[in-house]
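Below: the structure, in structure tokens.
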Amino acid sequence: MALPQPQQPLPYCRPGTFLPALILCAIIGLQSCKHDKKIYKSDCDDGISFKKVSFRQLMDSISRYDQRYVEVSGKYEEDKGLSALFTDTVISARSYKNALWVNFSQDCPLYLTGTRQGLFEYNDGQFTQLNDKLVTIRGKIDLRNKGSHNSYKATIDRISLVKL
């Protein structure tokens, strides 16, 4: 009759290896739980169908989208006299002629989904930070309005969704 063989401990249970393995698992877990996207919505354009387009596609064929409702992503920048959506690619040169003026309106108040917290309201000691953020916006393209100083390719108006 054969005697039972002693079992080898699992590699992660050896003395001195359990804590590093636990720390590694915690780091991976925390990185995979990045903050959820914040979605601000307005009901001003409920029932409207939005065409999802890439920023490049929109800029390359902007005339096809005049007076149409689109969903587009890009890098939002704001400053005094600046409210614009630029391409999010690093390669592209930042130019107002290749940007959309973003016209937020009081006619379309944006609220954080599931709350009555407005996009531009002071909350938790600060305003919602939009500047230099990658955002997705839904709105209506207007080729006649070129934004501040007529510097932009077009305006995206009636903003009814902002995803941060």
Side-chain angles (χ1 to χ4, degrees), residues 25-164:
C25 287
I27 290 170
I28 291 170
L30 288 174
Q31 287 180 343
S32 66
C33 293
K34 289 185 179 178
H35 71 281
D36 292 328
K37 288 199 176 267
K38 289 185 177 180
I39 300 174
Y40 291 85
K41 293 179 91 175
S42 172
D43 59 4
C44 71
D45 288 327
D46 279 352
I48 299 284
S49 177
F50 290 84
K51 171 77 174 165
K52 189 173 185 173
V53 295
S54 70
F55 192 89
R56 183 177 188 161
Q57 179 184 359
L58 181 61
M59 292 293 103
D60 288 347
S61 54
I62 192 81
S63 60
R64 289 181 44 203
Y65 295 99
D66 187 31
Q67 301 304 308
R68 299 229 171 132
Y69 290 85
V70 300
E71 179 178 310
V72 63
S73 297
K75 184 178 178 187
Y76 179 77
E77 293 187 22
E78 64 183 343
D79 203 349
K80 185 176 181 182
L82 175 66
S83 175
L85 192 67
F86 294 87
T87 181
D88 61 345
T89 61
V90 179
I91 298 168
S92 177
R94 185 177 168 268
S95 165
Y96 294 139
K97 288 294 181 189
N98 292 319
L100 288 174
W101 178 259
V102 180
N103 188 24
F104 291 104
S105 169
Q106 292 179 356
D107 294 337
C108 294
L110 295 156
Y111 296 103
L112 184 62
T113 305
T115 72
R116 292 305 289 170
Q117 177 189 336
L119 177 62
F120 298 105
E121 291 178 7
Y122 193 71
N123 189 34
D124 292 333
Q126 63 182 357
F127 290 102
T128 304
Q129 300 299 308
L130 291 175
N131 195 35
D132 291 325
K133 301 278 188 203
L134 186 61
V135 299
T136 299
I137 293 178
R138 284 185 183 166
K140 185 178 182 181
I141 299 298
D142 183 358
L143 281 176
R144 289 178 303 248
N145 184 351
K146 305 283 187 183
S148 180
H149 306 290
N150 284 327
S151 302
Y152 298 84
K153 195 145 193 173
T155 292
I156 185 164
D157 208 356
R158 296 193 57 81
I159 307 301
S160 59
L161 178 122
V162 175
K163 288 183 196 175
L164 301 173

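Excluded from the calculations below are hydrogen atoms, water molecules and symmetry mates; all remaining heavy atoms, backbone and side chain alike, are included. What you see is a predicted model; the values in this text were computed from it and never measured.
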*Would you give the length of the straight line joining atom OG1 of T136 to atom CG of L85, rounded to the nearest 0.5 angstrom?*
9.0 Å
_Within-4.5 Å side-chain heavy-atom neighbours: W101 and S83_ = yes
_Under a 3.5 Å threshold, yes or no: a donor from one side chain and an acceptor from the other, between Y96 and S148?_
no
*asked:* Quick one, L58 and I141 - any side-chain contact, counting heavy atoms below 4.5 Å?
replied: yes
*Look up atom NZ in K38 and atom OG1 in T115, then write down how far apart they are to the nearest 0.5 Å.*
9.5 Å
*State, to 0.1 Å, how close Y152 and A84 come at their nearest heavy-atom pair, and which atoms those are.*
CE2-CB, 3.6 Å
*asked:* Please enumerate all residues that pass side-chain hydrogen bond (donor to acceptor under 3.5 Å, both in side chains) together with S42, with sequence neighbours excluded.
replied: none
*Could you name each residue pair satisfying disulfide (SG to SG under 2.5 Å) that touches residues 125-164, not counting sequence neighbours?*
none
*State the SG-CZ distance between C108 and R138, to the nearest 0.5 angstrom.*
13.0 Å
_E71 vs I137 side-chain heavy atoms within contact, under 4.5 Å_ = no
*Specify the closest pair of heavy atoms between L112 and Y40, including all atoms of both residues, with the distance to one decimal.*
N-CD2, 3.3 Å
*asked:* Side chains of V102 and Y76, heavy atoms from C-beta outward: is any pair under 4.5 Å?
replied: yes
*Taking only residues two or more places apart in sequence, or in another chain, which ones meet K75 in a salt bridge (charged side-chain N to carboxylate O under 4.0 Å, His left out)?*
D132
*K140 and Q67, any side-chain heavy atoms less than 4.5 Å apart*: yes
_F120: ring pair (Phe, Tyr, Trp, His ring centres under 6.0 Å) partners, not counting sequence neighbours_ = F104
*Kindly indicate whether the side chain of M59, heavy atoms from C-beta on, has any atom under 4.5 Å from the side chain of L100.*
yes
Pair up each side-chain donor or acceptor in residues 156-164 with any protein partner under 3.5 Å, not counting sequence neighbours, and list the distances.
unit_1: D157; atom_1: OD1; unit_2: N103; atom_2: ND2; d: 3.0
unit_1: R158; atom_1: NE; unit_2: D45; atom_2: OD1; d: 3.2
unit_1: R158; atom_1: NH2; unit_2: C44; atom_2: O; d: 3.2
unit_1: R158; atom_1: NH2; unit_2: D45; atom_2: OD1; d: 2.9

*Do T113 side-chain atoms and I39 backbone N/O form a donor-acceptor pair below 3.5 Å?*
yes
_Please check if the number of heavy atoms outside K146 that lie under 6.0 Å from its NZ is greater than 12._
yes
_Any side-chain heavy-atom pair of D79 and N131 under 4.5 Å_ = no
*Contacts of type side-chain hydrogen bond (donor to acceptor under 3.5 Å, both in side chains), residue Y65, not counting sequence neighbours*: Q57
*Begin from the C-alpha positions of L143 and I62 and carry the test side-chain contact (heavy atoms from CB on, under 4.5 Å) through to its verdict.*
CA-CA 8 Å; L143 281 176; I62 192 81; 3.5 Å; yes
*Around K153, counting heavy atoms of other residues, nucleotides and ligands shown, do more than 12 lie under 6.0 Å from its NZ?*
yes
_Euclidean distance, L110 CG relative to L119 CG, rounded to 0.5 Å_ = 5.5 Å
*Can you name the closest pair of heavy atoms from Q117 and T128 and give their distance?*
NE2-OG1, 4.4 Å
